[in-house]
Amino acid sequence: MRTFGPKWFKEGSLIGEYADHLGLALTQRKQAVALHAAKVDAELASKAKSEFIANMSHELRTPLNAIIGFSDMLHTRTITDAEKSHQYTGYIKQAAEHLLELINSILDVSKIQAGKLSVEKEPVELQPILSSCLLIVEAKAREKYIAVSCQVNRNFPLLLGDGLRLKQILINLLGNAVKFTPEKGRVSVEALVLEDDRAAITVTDTGIGMSPSEIDTALRPFGQIDTGFNKRHEGTGLGLPIAYALTRMHGGELRIESEKGRGTRVTINLPTVHGTVGGNNMH
């Protein structure tokens with residue numbers, strides 16, 4: 001069983017040969033297990049990427065078809081009514097923005113995996129960022145009659161981070177909360193100051209929730225819980241992995257607490273800087 005130094009057993013003895021054969025068998029077995037594990041990992045990664053590509057083909061075609069269809073009607077003057085023309089140009093704009101969002105998500109994940117995405121840390125105020133994010137998601141929330149509330153402590157400290165990337169994190173978390181919450185549900189945001197000069201921002205929803213294994217899947221790039229032809233929610237499934245990676249790049253931590261059928265609570269802890277800014281509670 002030893003491959004170096006003096007042997008444990010006498011050369012040519014029965015127990016010595018047995019030990020040599022056992023050592024060889026154990027080595028071969030370990031190699032076979034490692035090879036099988038690598039093969040399984042490769043197959044799972046390939047399956048996840050195949051499902052992602054299949055889903056993306058649908059996600060990209062939907063806004064592209066809208067853009068082509070409505071622009072064709074305007075180009076051929078099939079629609080001459082001014083009000084209809086204005087409505088259709090609005091649809092084209094929405095589809096184009098959605099398409100850009102999809103492409104940007106893919107590019108961001110590619111940059112993160114390649115280690116080429118950076119954050120420029122500086123003192124930033126949370127409340128204006130949160131207000132901007134809420135404006136973006138409130139329209140979708142109103143469509144589903146979802147109540148959205150936000151609570152930020154007065155004199156909340158400045159965060160040490162990249163304002164653009166912090167906004168991206170919060171939009172992804174809020175967007176997911178609204179997307180996976182059924183009609184007449186609730187989404188809330190709460191920002192608190194922790195004792196260790198850090199801030200905790202929590203997004204809570206009354207949505208469909210996730211099991212522990214689904215949380216693991218949702219945090220992996222290209223991993224989607226809701227896949228295949230029965231997919232109920234649009235999107236690439238990259239929002240949570242991007243939010244997780246960007247939080248880590250800020251020196252922070254993202255934690256998910258969820259229960260199937262009982263909603264999800266996502267908390268991000270971020271570093272702060274000395275000094276506070278005045279702020280009013282938002283509802």
Side-chain angles (χ1 to χ4, degrees), residues 48-75 79 84-120 124 128-144 146 148 161-181 187 203 218-227 231-247 249-250 266 268:
K49 288 189 177 183
S50 296
E51 288 179 347
F52 173 78
I53 291 170
N55 177 54
M56 279 304 302
S57 66
H58 168 75
E59 291 292 337
L60 294 172
R61 281 182 186 140
T62 301
L64 275 173
N65 286 336
I67 292 169
I68 293 169
F70 288 122
S71 61
D72 186 57
M73 282 190 283
L74 292 173
H75 178 69
I79 303 298
K84 282 287 185 185
S85 296
H86 179 72
Q87 184 181 9
Y88 288 177
T89 54
Y91 291 155
I92 292 171
K93 183 175 182 293
Q94 287 176 9
E97 289 174 346
H98 179 55
L99 186 60
L100 180 62
E101 181 183 341
L102 294 175
I103 294 170
N104 282 339
S105 294
I106 298 169
L107 292 175
D108 283 343
V109 166
S110 299
K111 288 179 182 177
I112 289 169
Q113 291 186 325
K116 293 183 178 179
L117 188 69
S118 60
V119 295
E120 303 296 330
V124 290
I129 294 174
L130 259 181
S131 297
S132 175
C133 294
L134 290 169
L135 282 174
I136 293 171
V137 301
E138 274 179 350
K140 191 69 176 177
R142 280 196 299 270
E143 290 178 13
K144 299 171 69 176
I146 293 173
V148 180
D162 185 320
L164 181 63
R165 296 304 179 184
L166 289 175
K167 182 177 178 181
Q168 189 175 4
I169 293 170
L170 292 170
I171 286 176
N172 283 335
L173 297 183
L174 286 166
N176 275 353
V178 171
K179 182 193 299 184
F180 294 107
T181 296
V187 172
V203 178
L219 284 171
R220 287 200 312 267
F222 310 116
Q224 289 187 302
I225 298 167
D226 193 13
T227 58
K231 191 174 188 299
R232 294 165 294 171
H233 304 95
E234 65 176 20
T236 61
L238 296 176
L240 203 51
I242 289 173
Y244 176 78
L246 290 177
T247 302
M249 291 171 70
H250 277 84
V266 183
I268 55 172

Any non-hydrogen side-chain atom of [X] less than 4.5 Å from a side-chain atom of [Y]?
X	Y	result
I136	L174	no
R165	D108	yes
L74	I92	yes
L173	L240	yes

Does [X] reach the main-chain N or O of [Y] with its side chain, forming a donor-acceptor pair under 3.5 Å?
X	Y	answer
S132	P128	no
D72	I68	no
K179	K140	no

Let me confirm one number: the [atom1]-[atom2] distance from [X] to [Y], rounded to the nearest 0.5 Å.
X	Y	atom1	atom2	value
L107	L102	CG	CG	11.0 Å
I112	S118	CD1	OG	11.0 Å
T247	I242	OG1	CD1	11.5 Å
E101	L238	CD	CG	10.5 Å
T89	Q94	OG1	CD	10.0 Å

How close do [X] and [Y] get, heavy atom to heavy atom, and via which atoms?
X	Y	result
M249	V119	O-CG2, 3.7 Å
D162	E120	OD2-N, 2.9 Å
G175	V137	N-CG1, 4.0 Å
G163	V124	N-CG1, 4.0 Å
I67	A95	CG1-CB, 3.6 Å
A141	V148	CB-CG2, 3.7 Å

> By side chain to side chain donor-acceptor pair (under 3.5 Å), which residues pair with Q87, not counting sequence neighbours?
Replying inline: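 Result, side chain to side chain donor-acceptor pair (under 3.5 Å) vs Q87: Y91.
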